[in-house]
Amino acid sequence: MNRSTSAFYLRILLCLLFLFLFVALFRLQVVKGSYYRRIAENNFVRIRRVTATRGEIYDVKYRPIVINIPSHDLYLISGKVKNIDALSVFLKMHFGIEKEELHDLIFQQRFKTYEEIMLVDNISYETMLALSEKLNYFPELVFRSGTTREYLYPNHFTGYVGRINEDEFRRYRQEDYSLNGYIGKGGLEKYYEILLRGKDGKQIIQVDARGQNLGFFRSDAEVAPINGLSLVLSIDNDLQTFVHESFPAGSRGAIVVSNIKDGGILAYASNPSYDPNVFMQRISPDLWAELNRRERPLLDRASQGAYPPGSVFKPVTAAEGLQAGIINRSTLLASCTGGLKIGNRFFKCWSSGGHGRTNVVDALRVSCDVFFYDLISRISLDDAWRHAVSCGVVNRTGIDLPGERAGLYPNKEWFKKRLGRAGSLQGYKANLSIGQGEVLTTPLQMNAFYAAIARGGYWIQPHFMVRTLGRGRVSREQVQPIDKHSFGWSQSTVKAIQDGLWAVTNAPGGTGRAFNVPGVTTYGKTGSAENSMGKTTHAWFCGYIVTDKPEIVITVFLENAGGGGAVAAPIASRIANYYVGNIERFKAPAPIPEQFRELEGQETDEPEDVFPIPSPHEEPAAVVPTEETG
């Protein structure tokens, strides 16, 4: 091969090489230019999340229940980790983070190595100061300021917030949650999450190779966060505190106080209680064991505990007999001699001495079991079941809390599935008539039922939220309509039931005479329910007070505490006396705080009454006690 031929091939090779380079550059800059431009921008442009401020929670007079306070949080940038062993030792020593947990976090962030991961939240200021210098050895760690929740009262209704977990993140990923974000874990925090949370903003920043903001973009290169709405509840903090302190030492139970006018919850307590603030930090094994001890402080006994109601259920059975025309207020049923024989069994009355023959008013007054045994024998089981459902003591009330439990009143189908038959159920029905046997209700259900009696047979869904505050005001009705309906009771039925409840707390021989509130008219019913939790009965009392109109209804329930008249009624009496003694203060309207008024405008007028209360709410004529027989 001569020199000219070699030069020719060399030129061809060079031409092919330049052609290849040209094609490669054309592909990089023209065909794939936009693609690689986006990659390059992602290497120096970061979109930083600007967390929205979560709405706070206030009582009916705009006093705080849940507030936001400053917090200090520790974040990790996994792309900067140089010595994972040293980092693991540091985090284990000061924050109890195990090496395996750290490895899992870094693995999860392997495609987002410069996105910050929150390792520890709500670090004390003293701890942050003590460790700040040591962070010079760990450039992958950084303290940042944020906010956290502070719950001002131990309670079960607010719930609490916590770090979003993997399951929640997958479920709500389309709703723009962050792995560093918080979410309502229970109570009102969970139920009204969408209102309280707000919407996070975005900030576009340019960073250097170390991830530091170079500040090249203008300040308007961001989307401002939309802060969450605050909630105003029907709860009154003073009454809530008094109720919370009314439980006997070491007791387990629940107390619910509601406004008869609109169904708003004024006080709501379950005992033993817990402090929601414990969930704002990492929970140690010892603390977790304490929260799950035998007394179950995490259980909301007001709406998540279903119990035999005992005699506080008797007005349900009485109303069915009255509405069906089986009895009227003067009808005398079987004579009580200490019990009643049904089939081949003898069903005892609570009073071995007996009560003689009673009408419905006196049967409620002295809580005669035999009257109700005889009454339900004349009612079909399915009719009794349908009536119990219509009274709201079977289905959930729909209160604005997650996890509410339904009650139980069995029908024929229920017995057929469990017993394999649905023939004669007279013995089972006898127990059901007095709130025993298979009957289960929650204290909240019974509170709503007695409030309906006070309104003349008109049921209103119990609720906490009244309105929102912040960038706009939304009423509870606008968020979710409140269920309101009439039982369809006749005036004679309402009058007989109300007279019976009046006799319980006012007439001689009434089992609830301990519910004594001077200056107002009292109504109520005691209950002592046998149960599978122990030999001692559950103590119940449900009652309400009337001034010139119905005011509040109180339900007191105590597990295995004894007789309702001896134990629960005095507690309800103290609560009612406290309310009446401060009634002007409780009922005085509170002005909207200035900071909210500026955002929303002036307060609107109070709505008119939302239920048809018979007017006047007459005090019954004196009830003449029937003669008791031995």
Side-chain angles (χ1 to χ4, degrees), residues 253 306-322 333 336 338-340 347-355 358-376 384 387-388 391 393 407 409 429-443 445-447 449-450 453 496-507 509-515 522-531 536-544 553-572 623 626 628:
Y307 307 90
S311 293
V312 294
F313 192 84
K314 287 175 178 175
V316 177
T317 306
E320 167 67 354
L322 290 163
L333 294 185
C336 174
L340 182 69
F347 286 78
K348 294 181 180 180
C349 181
W350 71 269
S351 174
S352 60
H355 299 106
T358 58
N359 59 35
V360 65
V361 174
D362 284 329
L364 289 170
R365 174 180 63 85
V366 297
S367 201
C368 178
D369 295 334
V370 166
F371 179 92
F372 295 95
Y373 295 156
D374 192 10
L375 176 56
I376 202 165
H387 177 74
C391 289
V393 294
Y409 193 99
K429 286 167 58 181
N431 282 327
L432 301 179
S433 72
I434 61 170
Q436 293 285 178
E438 290 74 20
V439 180
L440 297 173
T441 63
T442 68
Q445 288 174 321
M446 297 311 300
N447 185 271
F449 173 66
Y450 276 77
I453 294 174
I497 298 297
Q498 289 181 345
D499 286 0
L501 298 184
W502 179 90
V504 169
T505 61
N506 293 279
T511 59
R513 294 289 296 270
F515 188 56
T522 58
Y523 301 76
K525 186 73 190 76
T526 58
S528 304
E530 296 178 359
N531 60 88
T536 307
T537 60
H538 293 329
W540 283 87
F541 181 82
C542 296
Y544 62 94
V553 60
I554 304 169
T555 297
V556 177
F557 165 76
L558 297 173
E559 290 181 8
N560 304 115
V567 179
I571 295 173
V623 178
T626 57
E628 298 184 7

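Remark: side-chain polar atoms of Trp540 are not paired, donor with acceptor, to backbone N or O of Gly310 under 3.5 angstrom. The closest donor-acceptor contact from the side chain of Asn431 to the backbone of Glu438 lies at 3.5 Å or more, if one exists at all. Within the 3.5 Å criterion, the main-chain N or O of Ala507 finds a donor-acceptor partner in the side chain of Arg513.
The CD1 atom of Ile453 sits 12.0 Å away from the OH atom of Tyr523 when rounded to the nearest 0.5 Å. How far CG of Leu340 is from OH of Tyr373: 8.5 Å, rounded to the nearest 0.5 Å. With rounding to the nearest 0.5 angstrom, the CG atom of Asp369 is 4.0 Å from the NZ atom of Lys314. With rounding to the nearest 0.5 Å, the separation of CZ in Phe515 from SG in Cys542 is 10.5 Å. In this structure, the separation between OG1 on Thr317 and CD1 on Ile376 is 5.0 Å, given to the nearest 0.5 Å. Rounded to the nearest 0.5 Å, atoms CD (Gln436) and CG (Asn531) are 8.0 Å apart.
The shortest side-chain heavy-atom distance between Ile571 and Leu558 falls under the 4.5 Å cut-off. Residues Glu559 and Tyr307 form a side-chain contact, since some pair of their non-hydrogen atoms from C-beta on lies under 4.5 Å apart.
Heavy-atom minimum distance, Gln445 versus Gly407: NE2-N, 3.3 Å. Between Phe313 and Gly435, the shortest heavy-atom distance links the atoms CB-CA, 3.7 Å. Residue Ala496 comes nearest to Leu322 through the heavy atom pair CB-CD1, 3.8 Å, listed as atom of the first residue, atom of the second, then distance. Residue Ala318 comes nearest to Ile497 through the heavy atom pair CB-CD1, 3.7 Å, listed as atom of the first residue, atom of the second, then distance. In plain terms, the two heavy atoms of Ala363 and Thr358 that are nearest each other are CB-OG1, 3.7 Å. The shortest heavy-atom contact between Met446 and Val312 is CE-O, 3.5 Å.
A donor-acceptor contact under 3.5 angstrom links the side chains of Ser311 and Ser367, judged on distance only.
In this structure, the side chain to side chain contact (heavy atoms under 4.5 Å, CB included) partners of Ala568, at least two apart in sequence or on a different chain, are Ala539, Phe541, Val556. Residues satisfying the side chain to side chain contact (heavy atoms under 4.5 Å, CB included) test with Val553, not counting sequence neighbours, are Ser258, Ile260, Asn447, Tyr450, Ala451, Tyr544. The side chain to side chain contact (heavy atoms under 4.5 Å, CB included) test applied to Thr537 returns Ser528, Glu530, not counting sequence neighbours.
Exactly one residue among Leu364, Val360, Asn359 makes a side chain to side chain contact (heavy atoms under 4.5 Å, CB included) with Asp362. That residue is Asn359.
The aromatic rings of His538 and Phe557 sit perpendicular, their planes meeting at an angle over 60°, well past the 30° parallel limit.
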